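Here is the structure we will look at.
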Amino acid sequence: MKAAVIYRKGELPQYTDVDEPVVQHEDELLITVKAAAIKHIDKSVASGKHYSSEDKKNARIIGGDGVGMLKDGTRVFALGVSGMAAKKAVIEKNRMVKLPHGIDDSVAAALPNAVAGSAMALRFRACMKPGETVLINGATGFTGKIAVQVAKHYGAKKIIVTGRNEETLQALLALGADEIISVKQEDEKFISRLQEIHNNTPIDIIIDYLWGHTAELILSSLKGKGSFTHKVRFVSIGAVTGDTIQLSAENLRSVDLQLSGSGLGSWTKDEMKKLFSEILPEMFQLAADNKLKVETVNVSLTDIENLWDMQVPDGKRLVITI
């Protein structure tokens with residue numbers, strides 16, 4: 001069968017022939033793959049840079065999840081046991097979701113990673129309640145745009161978003177954002193604007209996709225002066241602008257701050273079960289009903305070698321169609 005295969009870490013995937021995967025356990029199924037999204041995590045794992053990367057020396061098919069069809073014609077989203085950028089793939093029975101009518105294969109393939117990168121943080125790390133104020137740092141990317149909509153769906157009273165792309169920031173207002181803040185302005189102005197907002201409508205939750213310098217500025221803006229402070233739950237999800245920050249102990253001591261992360265390894269088994277049994281089915285249905293906006297750039301599996309490093313516009317997800 002045809003598949004997108006990486007033979008060595010750091011190399012481009014190649015469109016080539018490989019043996020069809022074989023089901024080896026009772027909890028596995030073989031599916032015919034229809035679409036697989038290419039995400040930051042897929043590229044990081046392929047290059048060996050992601051913390052979940054295994055030190056594999058053998059060739060591997062790319063893509064950790066995707067949309068496919070079971071033998072009886074049922075369309076599902078599933079995590080792959082084998083790589084998903086291929087004609088066929090082996091999946092786990094307990095990590096698949098039946099897709100509703102009306103949702104496109106590409107949309108269904110693109111959505112889950114962003115849902116995991118937003119809904120899991122809001123529900124299980126921030127323990128979000130309706131009526132709360134949410135700040136999303138780095139909201140102009142694909143997952144950030146989904147996060148805005150998920151936070152709105154979960155009942156956020158106010159959503160503040162940050163980012164670099166002015167056009168995309170403006171577009172977020174139509175998706176549920178209430179205020180936009182450019183990260184391109186001077187540090188002092190960025191901090192001052194955050195403090196102004198926080199004083200008027202205290203921020204309850206910060207969902208952070210950037211880390212790095214902007215995270216330092218946000219945490220600095222929360223610094224207290226010795227009086228009682230409003231509790232803020234800061235959840236780190238990505239590190240687009242840097243993997244480390246400087247954070248003073250004084251900053252931590254001066255504010256009621258809950259600092260946590262949301263990602264592979266931080267979720268419990270029960271939370272993962274709820275992702276597949278509750279969260280993803282709900283989000284798929286919202287997308288099928290056109291209540292959750294998802295934008296994709298679709299490419300053919302045959303073109304993977306040329307399109308692996310293509311620049312995808314802000315807020316869109318690259319999806320391989322098969």
Side-chain angles (χ1 to χ4, degrees), residues 39-45 49-53 64 112-129 132-151 154 156 159-164 172 177 181 183 187 190-191 194-195 197-198 202-224 229-268 271-272 274-275 279 314-315:
K39 310 164 292 292
H40 290 303
I41 187 173
D42 293 313
K43 292 188 175 183
S44 294
V45 169
K49 295 179 181 179
H50 194 266
Y51 64 82
S52 69
S53 300
N113 178 260
V115 169
S118 54
M120 297 289 274
L122 289 167
R123 278 192 58 172
F124 302 129
R125 293 299 166 268
C127 299
M128 180 184 170
K129 299 181 291 292
E132 293 192 305
T133 296
V134 180
L135 167 65
I136 302 172
N137 187 36
T140 56
F142 182 80
T143 303
K145 288 180 73 173
I146 298 300
V148 171
Q149 299 175 79
V150 172
Y154 284 166
I159 300 174
I160 306 116
V161 294
T162 75
R164 295 184 62 85
L172 290 175
I181 305 176
V183 300
D187 290 356
F190 183 77
I191 291 174
L194 284 172
Q195 289 175 332
I197 292 172
H198 192 48
I203 297 168
D204 299 293
I205 298 167
I206 298 170
I207 299 297
D208 178 66
Y209 295 107
L210 301 182
W211 203 235
H213 187 55
T214 52
E216 293 176 342
L217 296 178
I218 291 171
L219 290 166
S220 177
S221 74
L222 299 174
K223 186 177 179 181
T229 59
H230 184 80
K231 183 173 183 176
V232 179
R233 290 101 78 195
F234 186 113
V235 187
S236 170
I237 302 172
V240 174
T241 59
D243 192 51
T244 60
I245 66 169
Q246 285 190 324
L247 177 60
S248 74
E250 186 178 73
N251 199 156
L252 282 177
R253 294 196 306 271
S254 70
V255 62
D256 188 356
L257 177 68
Q258 174 187 303
L259 183 59
S260 64
S262 183
L264 294 173
S266 73
W267 303 321
T268 66
E271 288 166 352
M272 281 295 290
K274 288 181 178 178
L275 173 65
I279 298 173
D314 258 358

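The structure displayed is predicted, hence computed values, not measured ones.
- Side-chain contact between His213 and Asp187 is present, with at least one heavy-atom pair separated by less than 4.5 Å.
- Side-chain contact between Leu257 and Leu219 is present, with heavy atoms from C-beta onward closer than 4.5 Å.
- Residues Ile181 and Ile197 are in side-chain contact: their nearest non-hydrogen atoms beyond the backbone lie under 4.5 Å apart.
- Sorted by first and then second residue, the salt bridge (Lys or Arg N to Asp or Glu O under 4.0 Å) pairs involving residues 137-148 (not counting sequence neighbours) are Lys145-Glu295.
- The closest side-chain heavy-atom distance from Leu247 to Leu259 is below 4.5 Å.
- Remark: Glu271 pairs with Met120, Phe124, Arg125, Trp267, Thr268 by the side-chain contact (heavy atoms from CB on, under 4.5 Å) rule, at least two apart or across chains.
- Ala147 pairs by the side-chain contact (heavy atoms from CB on, under 4.5 Å) definition with Ser118, Ile136, Tyr209, not counting sequence neighbours.
- Residues meeting the side chain to side chain donor-acceptor pair (under 3.5 Å) test with Thr162, sequence neighbours left out: Asn137.
- In this structure, CG on Leu222 lies 10.0 Å from CD1 on Ile191, to the nearest 0.5 angstrom.
- Listed by chain and residue number, nothing satisfies the side chain to side chain donor-acceptor pair (under 3.5 Å) test with Asp256 (two or more places apart in sequence, or in another chain).
- Taking the side-chain contact (heavy atoms from CB on, under 4.5 Å) definition, one finds that Asp204 meets it with Glu132, Thr133, His230, Arg233, sequence neighbours left out.
- The main-chain N or O of Gln195 is never found under 3.5 Å from a side-chain atom of Ser221 such that the two would form a donor-acceptor pair.
- Every pair passing side chain to side chain donor-acceptor pair (under 3.5 Å) that includes a residue from residues 245-254 is listed here, sequence neighbours excluded: Lys223-Glu250.
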